[in-house]
Every structure is written in structure tokens, then in C-alpha cells.
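Each remark here refers to the structure printed beneath this line.
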Amino acid sequence: MHLDHAQHGPAAVSADAARPDGTRRALRIGLGGPVGSGKTATVAALCRTLRDQLSIAVVTNDIYTREDAAFLLRHAVLPPERIQAVETGACPHTAIRDDISANLEAVEDLEDTVGPLDLILVESGGDNLTATFSKGLVDAQIFVIDVAGGDDIPRKGGPGVTTSDLLVINKTDLAPYVGSDLDRMAQDAAQQRGPLPVAFTSLTSEEGVGPVADWVRGQLAAWTA
Ligand SMILES: Nc1nc2c(ncn2[C@@H]2O[C@H](COP(=O)(O)OP(=O)(O)O)[C@@H](O)[C@H]2O)c(=O)[nH]1
Ligand SMILES: [Mg+2]
């Protein structure tokens, strides 16, 4: 499936909102984007910012390794039983869009073993600008790009840039060094996305993830309403 954003309201509900026992399942948020843009860094910062208020778990996707899960474990952003790794063995987008069974299994396993959960973050393996999540897997998706990848990326569009529920433009601290024009990126992103939100972040400081954490809180409020 591909994103269908005819309406720009809160993200649509994927699959069943209730678990088999009738309790509400966790909100699932996917993070996609090119290799190295800062997806794992965003997941880590979100966990550190939100873990005292929310019950959180994470699923990571890597092609042949468990590097991202290992990073999150090393940095102890959550207890180990709250982090699961999926090895996709192929282009990352296949496991988040085409055959989501391994990811769904991981998500449901986390709900069973460490639930009840408020929030599950699913990090895609790094992919190209066309990778998006199935709505059967996540309720909302964040697309992470960075200023060092070129300030023309928002202008180039693609479904991640144009239709993700939140576009994160990360590594703003590097803009002066790579000659990226943040105003231009903001204008291009607004043109591509209409009313859909954009967050500029730098994860070099603890508060850097603030705008993304606020957006996640808003999604959760809509989910639990
Ligand atoms: N300067 C800078 N580096 C960052 C920022 N966010 C992430 N990084 C670094 O960028 C590299 C890739 O980040 P990572 O989260 O692994 O990217 P992923 O492949 O999208 O998961 C790592 O070395 C991070 O420390 C940022 O805001 N500023
Ligand atoms: Mg990663």
C-alpha cells in the first residue's frame, strides 16, 4: 500500500485499534528516510524524552544486522526487553510496506510481553525517498531527512517528503558547514506538503528532539481520545 493522504487530519487508524482482549493497543509510529539521516538518533532521543511519561517499545529494521537495536541497547534508551530487531534480508521498504508480517509479529510480541504499551516506534532500515510504511503496520509516519543530504531534497519530493505525517529535517547544526539554506528547505517543504507539519531538529542537544516529541504527544492525544 502507499500513503493516502486525501485528508490531512490525524493519522488514520491502521488495522484494529483494540487487542484481542479488548484493551486498546499502542499507537504505532513509523520512522523512515535515507541512510544516516538520523532515524536511530531520533528514536533514541524520543525514548529518553518520553520514557518517564509513557510506556514505550521499539522495533528496528536492518538489512543483514541488528546494528540499530544494538545501538539503542548500548545507549540504554529503554530496557532490553522493549527493543526488538527485524532483519529484513532485502530492501528495507519491502518489510515495512509489502510483506509486513515480521514487523507485525514483533509489534504484537512486544505488546504481549511488555505491554500494556502507549507507543511503539518502528524504525525502517535506511532507504530511498520513495519508502513508506503500510497503514496496516503503523498509524502515522515520520520521514527523516537531513540538511547534509542536500538542501534540494524537499524540492525533489517523493512520497516520504510529500505525504508523511511529519517531515523531520535533521542536523540543522551542520547547515553552515554544508551550505544548506534552511529557509529554502522550509519553503520547498511547505510547497510540497501543504498543511502537513515539518520539524527542523538538531540532535546534538538533549532538547533538540522537542518538536518531534510534541508532535508524538499530539498524535497520542488524538489516538486515546
Ligand atoms: N551533527 C549531527 N549529527 C547527527 C544528528 N543526528 C544524527 N547524527 C549523526 O548522524 C549519524 C547517523 O545517524 P543515525 O541516527 O544512525 O541515522 P539513521 O541511519 O537514519 O538511523 C550518526 O553518526 C549520528 O550521531 C544531528 O542532528 N546533528
Ligand atoms: Mg538507523
Side-chain angles (χ1 to χ4, degrees), residues 28-50 56-78 80 82-97 102-103 106 120-133 137-138 141-151 153-154 158-161 164-182 185-186 189 198-216:
R28 303 171 191 160
I29 294 183
L31 293 97
V35 176
S37 60
K39 297 179 293 300
T40 306
T42 302
V43 167
L46 282 175
C47 288
R48 281 194 291 265
T49 304
L50 298 172
I56 306 176
V58 172
V59 177
T60 63
N61 281 255
D62 275 307
I63 305 180
Y64 298 120
T65 64
R66 291 164 179 251
E67 284 290 326
D68 284 349
F71 177 93
L72 297 173
L73 287 168
R74 243 185 353 262
H75 291 261
V77 301
L78 289 177
R82 287 174 179 260
I83 300 171
Q84 281 215 11
V86 170
E87 280 182 46
T88 62
C91 289
H93 66 262
T94 57
I96 59 161
R97 191 180 65 199
N103 271 288
I120 301 180
L121 300 171
V122 183
E123 180 188 341
S124 168
D127 212 318
N128 57 36
L129 295 173
T130 65
T132 53
F133 286 82
L137 177 61
V138 300
Q141 44 195 309
I142 299 174
F143 198 72
V144 184
I145 60 174
D146 71 87
V147 307
D151 64 6
I153 289 190
V161 165
S164 56
D165 298 290
L166 176 68
L167 176 67
V168 171
I169 302 179
N170 187 33
K171 306 192 191 181
T172 53
D173 53 291
L174 297 183
Y177 305 106
V178 295
S180 283
D181 180 342
L182 297 183
M185 292 184 92
V198 180
F200 281 86
T201 55
S202 168
L203 302 177
T204 49
S205 73
E206 262 315 298
E207 323 77 65
V209 81
V212 187
D214 289 344
W215 178 85
V216 169

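Atoms within each ligand, like the ligands themselves, are counted from 1 in listed order.
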Please state which part of [X] comes within less than 4.0 Å of ligand 1, counting heavy atoms only: side chain, backbone, both or neither.
X	answer
Leu203	both
Leu174	side chain
Asp173	side chain

Does any N or O of ligand 1 fall below 3.5 Å from an N or O anywhere on [X], backbone included?
X	value
Ala41	yes
Thr201	no
Thr172	no
Thr40	yes

Using side-chain contact (heavy atoms from CB on, under 4.5 Å) as the criterion, point out the one residue from [options] that pairs with [X].
X	options	answer
Leu72	Leu121, Leu78, Ile83	Ile83
Val58	Asp68, Leu73, Val43, Leu31	Val43
Val216	Leu166, Val209, Leu50	Leu50
Val86	Thr60, Val59, Val122	Val59

Exercise. Looking only at non-hydrogen atoms, find the nearest pair between Leu203 and Ala45 and report the distance.
Key: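 Reported closest heavy-atom pair: CD2-CB, 4.5 Å.
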Self-check item: Test item, Gly33 contacting ligand 1 (heavy atom, 4.0 angstrom)
Solution: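 Gly33: no contact with ligand 1 (<4.0 Å).
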Quiz item: Could a heavy atom of Ser202 be found less than 4.0 Å from some atom of ligand 1?
Solution: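 Right, Ser202 reaches ligand 1.
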Quiz item: Within a distance of under 4.0 Å, is there any protein heavy atom near atom 5 (C) of ligand 1?
Solution: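 Yes, there is a protein heavy atom closer to it than 4.0 Å.
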Quiz prompt | Sub-4.0 Å protein heavy atom near atom 23 (O) of ligand 1 | solution =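 Not a single protein heavy atom is under 4.0 Å away.
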Exercise. Just need the protein heavy atom nearest to atom 3 (N) of ligand 1, so name the residue and atom and give the distance.
Key: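 Of the protein heavy atoms, Lys171 CD, 4.0 Å lies nearest.
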Self-check item: atom 12 (C) of ligand 1: nearest protein contact (heavy atom, Å)
Solution: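 Answer, as residue, atom name and distance: Gly36 O, 3.5 Å.
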Exercise. Kindly identify the option in Ser205, Ser124, Gly38 whose heavy atom sits closest to atom 13 (O) of ligand 1.
Key: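 Closest candidate by heavy-atom distance is Gly38.
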Quiz item: Does a side chain donor of either Thr88 or Asn61 reach within less than 3.5 Å of an acceptor in the other side chain?
Solution: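 Short answer, no.
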Exercise. Give me the protein N, O or S atoms that fall under 2.8 Å of the Mg ion (ligand 2), sorted by chain and residue number.
Key: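 Within the sphere that stays under 2.8 Å of the Mg ion (ligand 2), the protein atoms of type N, O or S are Thr40 OG1, Asp68 OD2, Glu123 OE2.
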Quiz item: Which atoms from ligand 1 have a heavy atom of Glu123 less than 4.0 Å away?
Solution: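 It comes down to these atoms of ligand 1: 21 (O).
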